[in-house]
Amino acid sequence: MSLTTGQIHEALGLLLEKRAADSHSTVLGAGSDDLESGRRFLHSLVDGGWMVPDWPSEHGGRDADPDEASMISGALVDYEVADLYPYGVGLNLVGPVLLARGSAEQQHRWLRPIADGSEIWCQMFSEPDAGSDLANAGMRAERDGDEWVLNGSKVWTSRGTYSTWGMCVARTDAAQPKHQGLTMFAVDMSSPGIEVRPLEQMNGDRHFTEVFVTDVRVADTNRLGELGDGWGITVETLAHERATIGGRAFGGGDDSEGGLPSWLEAWNAAGHLCDPVARQAAMRAYVLHRVNQLTTLRATHLAHGGSPGPEGSGSKLRSVAAFKARAYLGKNLAGAAGMLVGSPGHLSFMTGPSMSIRGGTDEVQRNIVGERVLGLPREPSVDRDTPYSELKRSR
Ligand SMILES: Cc1cc2nc3c(=O)[nH]c(=O)nc-3n(C[C@H](O)[C@H](O)[C@H](O)COP(=O)(O)OP(=O)(O)OC[C@H]3O[C@@H](n4cnc5c(N)ncnc54)[C@H](O)[C@@H]3O)c2cc1C
């Protein structure tokens with residue numbers, strides 16, 4: 001029988017502190033890289049299965065149905081939640097994919113350490129020649145007995161500096177067209193042959209990396225899904241990523257009870273909204289914020305506990321628009337003081353541009369919504385049926 005909201009709060013109240021009125025979550029962990037508080041937080045919730053309620057109880061969840069899981073996630077907003085950005089790939093992308101595609105052994109090996117925060121994952125998809133056109137990934141995986149030998153490089157790998165595992169798409173058959181010869185692997189990031197080089201972002205993040213992979217051996221038991229299923233798993237993983245980015249509160253405070261979000265209250269309290277032009281701009285940001293919330297609710301409802309599908313792209317677009325409107329206006333309203341590093345909203349401002357790129361660019365999301373939601377004609381493609389080995393490349 002499903003729990004009531006009261007029972008959920010009763011249980012969470014024993015484990016967590018109530019969220020303070022002036023509490024702000026971090027901006028996607030920007031500038032923080034705090035691994036310890038997230039690990040402690042996940043550890044405290046794992047026995048009750050509160051963090052991933054829809055996962056099976058033997059893997060750190062509590063077998064909740066989608067409605068109960070959504071009630072639990074909604075209730076968690078009322079408590080102090082640690083910065084879970086370092087754990088995001090494991091909890092939001094790898095976990096759901098393992099549940100849908102992983103073998104029983106793989107689920108047993110990886111899910112619980114994701115849920116309790118003892119193992120962190122990164123996503124090794126993008127390459128220098130494969131970003132928006134991800135199917136162009138060229139990392140090679142060659143079979144050698146019960147193992148695969150991987151060679152190539154990945155780039156823009158968030159969390160690469162501290163991950164235990166990498167979810168890595170590689171080419172296992174270059175004679176197939178580019179979407180068909182890919183396979184997904186779980187790569188142990190401490191393997192000989194992995195070299196992780198940090199790239200610092202303009203918001204101060206230092207976990208962002210390029211990863212060089214030279215003769216790295218991966219056991220066939222660490223292959224995720226069937227041989228050649230890599231593209232399908234990639235698309236599924238990205239749909240989860242876009243829905244997750246779309247669904248984030250982004251430190252905006254909870255206005256589910258009908259109140260105003262905390263950022264709007266703060267602008268008002270600082271006297272920024274006396275000017276009618278500023279008020280009008282603030283209302284535009286608020287409308288984008290509400291549209292984002294409603295679009296995300298719609299996408300969640302359509303997914304109903306399953307894979308979010310292309311609706312996640314619509315949700316991501318809305319959330320990026322809302323995030324950037326708020327971040328950029330906040331900077332303007334702060335006037336000259338807003339130019340200082342460390343001023344309120346500075347981190348959001350410096351993170352803003354990346355929101356339109358990470359998880360797939362705005363243009364690519366619009367293509368997905370156009371083709372897969374609205375049914376518009378496909379973008380012309382000249383290389384869809386050509387074997388990967390015959391494609392023209394820049395290097
Ligand atoms: C903060 C951040 C974190 C990231 N984290 C990760 C990560 O953890 N793992 C990972 O694998 N990747 C990660 N990425 C990479 C990200 O997914 C890619 O940057 C993104 O997919 C775009 O690829 P690209 O940078 O190669 O740009 P390109 O694909 O070269 O695009 C350049 C421009 O061309 C446009 N464009 C390209 N194709 C089309 C088209 N068909 N129609 C219209 N316009 C088009 C794009 O919109 C863009 O404006 C991250 C990126 C950022 C910024």
Side-chain angles (χ1 to χ4, degrees), residues 26-33 85-94 97 120-139 152-163 165-170 178 182 184-185 187 189 196-211 213 230-231 233-235 237-242 244-245 248 250 312-313 316-317 320 323-324 327 347-348 350-372 376-384 393-395:
T26 55
V27 183
L28 295 166
S32 151
D33 291 343
Y85 177 78
Y87 302 89
V89 168
L91 292 168
N92 302 316
L93 315 188
V94 178
V97 168
I120 293 179
W121 286 68
C122 61
Q123 177 194 31
M124 293 164 68
F125 287 6
S126 304
E127 296 181 10
D129 280 338
S132 301
D133 187 10
L134 198 49
N136 201 39
M139 168 150 327
S153 70
K154 296 285 174 183
V155 73
W156 319 134
T157 311
S158 305
R159 310 166 180 84
T161 50
Y162 50 64
S163 284
W165 292 96
M167 185 191 203
C168 178
V169 67
K178 61 181 182 177
L182 295 166
M184 193 67 81
F185 297 93
V187 175
M189 296 298 282
V196 179
R197 291 192 202 156
L199 299 166
E200 187 173 345
Q201 289 181 65
M202 71 181 194
N203 67 0
D205 275 350
R206 292 182 182 84
H207 58 76
F208 200 52
T209 58
E210 49 187 342
V211 182
V213 174
W231 181 245
I233 299 179
T234 300
V235 171
T237 311
L238 289 173
H240 282 292
E241 179 172 24
R242 287 155 189 169
T244 307
I245 295 179
R248 270 181 211 276
F250 287 134
S313 293
K316 190 204 171 218
L317 275 172
V320 168
F323 180 92
K324 287 169 82 172
L347 218 46
S348 298
M350 299 300 269
T351 305
S354 76
M355 300 304 296
S356 286
I357 306 173
R358 62 174 83 193
T361 65
D362 287 357
E363 290 77 16
V364 166
Q365 304 317 305
R366 290 196 185 96
N367 282 349
I368 294 171
V369 172
E371 292 174 13
R372 296 182 52 207
L376 297 175
R378 284 190 79 91
E379 231 192 324
S381 166
V382 290
D383 59 4
R384 227 185 152 73
R393 267 185 291 280
S394 59
R395 66 201 163 96

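As the structure lists them, so they are numbered: ligands from 1, and atoms in each ligand from 1. Only this structure's heavy atoms are used, side chains among them; waters, hydrogens and symmetry mates stay out.
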Asker: Is it the side chain, the backbone, both or neither of R159 that has a heavy atom closer than 4.0 Å to ligand 1?
Answerer: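 No part of R159 is near ligand 1 at this cut-off.
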Asker: Do V155 and P128 have side chains that get closer than 4.5 Å, going by heavy atoms?
Answerer: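 A side-chain contact exists here, since the closest heavy-atom pair is under 4.5 Å.
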Asker: Give the atom numbers and elements of ligand 1 that come within less than 4.0 Å of a heavy atom of G131.
Answerer: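 Listed by number with element: 21 (O), 23 (O), 24 (P), 26 (O), 29 (O).
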Asker: Taking 4.0 Å as the limit for heavy-atom contacts, which would you say applies to K154 with ligand 1: side chain only, backbone only, both, or neither?
Answerer: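 Neither part.
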Asker: Checking a contact table here: which protein heavy atom is nearest atom 17 (O) of ligand 1, and how many Å away?
Answerer: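 Among all protein heavy atoms, the one nearest atom 17 (O) of ligand 1 is S126 OG, 3.6 Å.
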Asker: Applying side-chain contact (heavy atoms from CB on, under 4.5 Å), run through M167 and I233 and close with a yes or a no.
Answerer: CA-CA 10 Å; M167 185 191 203; I233 299 179; 4.0 Å; yes
Asker: Among protein heavy atoms, which lies nearest atom 27 (O) of ligand 1, and at what distance?
Answerer: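 Among all protein heavy atoms, the one nearest atom 27 (O) of ligand 1 is S132 OG, 4.2 Å.
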Asker: Less than 4.0 Å between atom 30 (O) of ligand 1 and some protein heavy atom, yes or no?
Answerer: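 Neighbour list for atom 30 (O) of ligand 1 is empty of protein heavy atoms (cut-off 4.0 Å).
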Asker: State, yes or no, whether a side-chain contact exists between F208 and T157 at a heavy-atom distance under 4.5 Å.
Answerer: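 They are not in contact (no side-chain heavy atoms under 4.5 Å apart), so the answer is no.
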Asker: Just need the protein heavy atom nearest to atom 13 (C) of ligand 1, so name the residue and atom and give the distance.
Answerer: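 Protein heavy atom at minimum distance: W156 O, 3.0 Å.
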Asker: Can you find a protein heavy atom closer to atom 11 (O) of ligand 1 than 4.0 Å?
Answerer: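 Under the 4.0 Å cut-off, atom 11 (O) of ligand 1 does have protein heavy-atom neighbours.
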Asker: With the side chain counted from C-beta on, respond yes when K154 and V169 share a heavy-atom pair under 4.5 Å apart, and no when they do not.
Answerer: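 The answer is yes, as the side chains (C-beta and beyond) meet within the 4.5 Å cut-off.
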Asker: Do S163 and R159 have side-chain atoms, one donor and one acceptor, less than 3.5 Å apart?
Answerer: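 Absent: no donor and acceptor within the cut-off.
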Asker: Should V196 and M189 be marked as a side-chain contact (heavy atoms from CB on, under 4.5 Å) after you check the CA-CA gap, both sets of side-chain angles, and the distance that decides it?
Answerer: CA-CA 9 Å; V196 179; M189 296 298 282; 4.2 Å; yes
Asker: Would you mind running through ligand 1 and noting each atom that sits below 4.0 Å from a heavy atom of E379?
Answerer: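 Those qualifying, in numeric order: 40 (C), 41 (N), 42 (N).
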Asker: Counting non-hydrogen protein atoms only, what is the nearest one to atom 9 (N) of ligand 1? Give residue, atom name and distance.
Answerer: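 Checked against all protein heavy atoms, atom 9 (N) of ligand 1 sits closest to Q123 O, 2.7 Å.
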Asker: Checking a contact table here: which protein heavy atom is nearest atom 45 (C) of ligand 1, and how many Å away?
Answerer: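 Looking only at protein heavy atoms, the one closest to atom 45 (C) of ligand 1 is E363 CB, 4.3 Å.
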Asker: Indicate yes or no: does an N/O atom of F125 lie under 3.5 Å from an N/O atom of ligand 1?
Answerer: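 Indeed, backbone or side chain, F125 has an N or O that close.
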Asker: Where is the nearest protein heavy atom to atom 42 (N) of ligand 1: which residue, which atom, and how far?
Answerer: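 Residue, atom and distance for the closest contact: N367 ND2, 3.1 Å.
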Asker: If I take atom OG1 from residue T361 and atom CG from residue N367, how far apart are they, to the nearest 0.5 angstrom?
Answerer: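 So the gap between those two atoms works out to 8.0 Å.
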Asker: Ignoring angles and geometry beyond distance, decide whether S354 reaches within less than 3.5 Å of ligand 1 through its nitrogen or oxygen atoms.
Answerer: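 No, there is no polar N/O contact under 3.5 Å.
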Asker: Which one holds for V89 and ligand 1: side chain close, backbone close, both close, or neither close, with close meaning a heavy atom under 4.0 Å?
Answerer: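 V89 to ligand 1: no contact under 4.0 Å from either part.
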Asker: Ring-plane angle category for H207 and Y162, please: parallel below 30°, perpendicular beyond 60°, tilted otherwise.
Answerer: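 Because their plane-to-plane angle lies in the 30° to 60° range, the rings of H207 and Y162 count as tilted.
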Asker: Classify the contact between T361 and ligand 1 as side chain, backbone, both or neither, using a heavy-atom distance cut-off of under 4.0 Å.
Answerer: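 Just the side chain.
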Asker: Considering D129, I357, L134 one by one, which has a heavy atom nearer to atom 20 (C) of ligand 1 than any of the others?
Answerer: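 Considering heavy atoms of D129, I357, L134, the nearest to atom 20 (C) of ligand 1 sits in I357.
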Asker: To the nearest 0.5 angstrom, please state how far the CZ atom of R366 sits from the CG atom of L317.
Answerer: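 Rounded to the nearest 0.5 Å, the CZ-CG separation comes to 5.5 Å.
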Asker: Between S158 and ligand 1, does any nitrogen or oxygen pair lie at a separation below 3.5 Å?
Answerer: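 Yes; at least one N/O pair falls below 3.5 Å.
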Asker: Hey, is ligand 1 close enough to R358 that some N/O pair sits below 3.5 Å?
Answerer: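 No, since none of the N or O atoms of R358 sits under 3.5 Å from an N or O of ligand 1.
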Asker: Scan the protein's non-hydrogen atoms and note whether one is under 4.0 Å from atom 37 (C) of ligand 1.
Answerer: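 At least one protein heavy atom is under 4.0 Å away.
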Asker: Less than 4.5 Å apart, side chain to side chain, heavy atoms only: is that true for M184 and V97?
Answerer: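 M184 vs V97: side chains apart.
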Asker: Take T351 and R358 through the test side-chain contact (heavy atoms from CB on, under 4.5 Å) and record every step on the way to the result.
Answerer: CA-CA 11 Å; T351 305; R358 62 174 83 193; 3.7 Å; yes
Asker: Would Q201 count as being in polar contact with ligand 1, using the rule that some N or O on each side must be under 3.5 angstrom apart?
Answerer: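 Min N/O separation from ligand 1 is not below 3.5 Å for Q201.
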Asker: If you measure every N/O of T157 against every N/O of ligand 1, is any gap under 3.5 Å?
Answerer: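 No.
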Asker: For atom CH2 of W231, is the number of surrounding heavy atoms from other residues, nucleotides or ligands below 6.0 Å larger than 12?
Answerer: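 Counting other residues, nucleotides and ligands, CH2 of W231 exceeds 12 neighbours.
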Asker: Quick one: CG on L134 to NZ on K178, what's the gap to the nearest 0.5 Å?
Answerer: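 Interatomic distance, L134 CG to K178 NZ, rounded to 0.5 Å: 10.0 Å.
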Asker: Right, does atom 15 (C) of ligand 1 have protein non-hydrogen atoms nearer than 4.0 Å?
Answerer: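 So atom 15 (C) of ligand 1 has protein heavy-atom neighbours under 4.0 Å.
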Asker: Nearest to atom 39 (C) of ligand 1, what protein heavy atom do you find, and at what distance?
Answerer: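 So the nearest neighbour among protein heavy atoms is V364 CG2, 4.4 Å.
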Asker: Mind checking the CE-CG spacing from M355 to D362? Nearest 0.5 Å is all I need.
Answerer: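 Here the rounded value is 9.5 Å.
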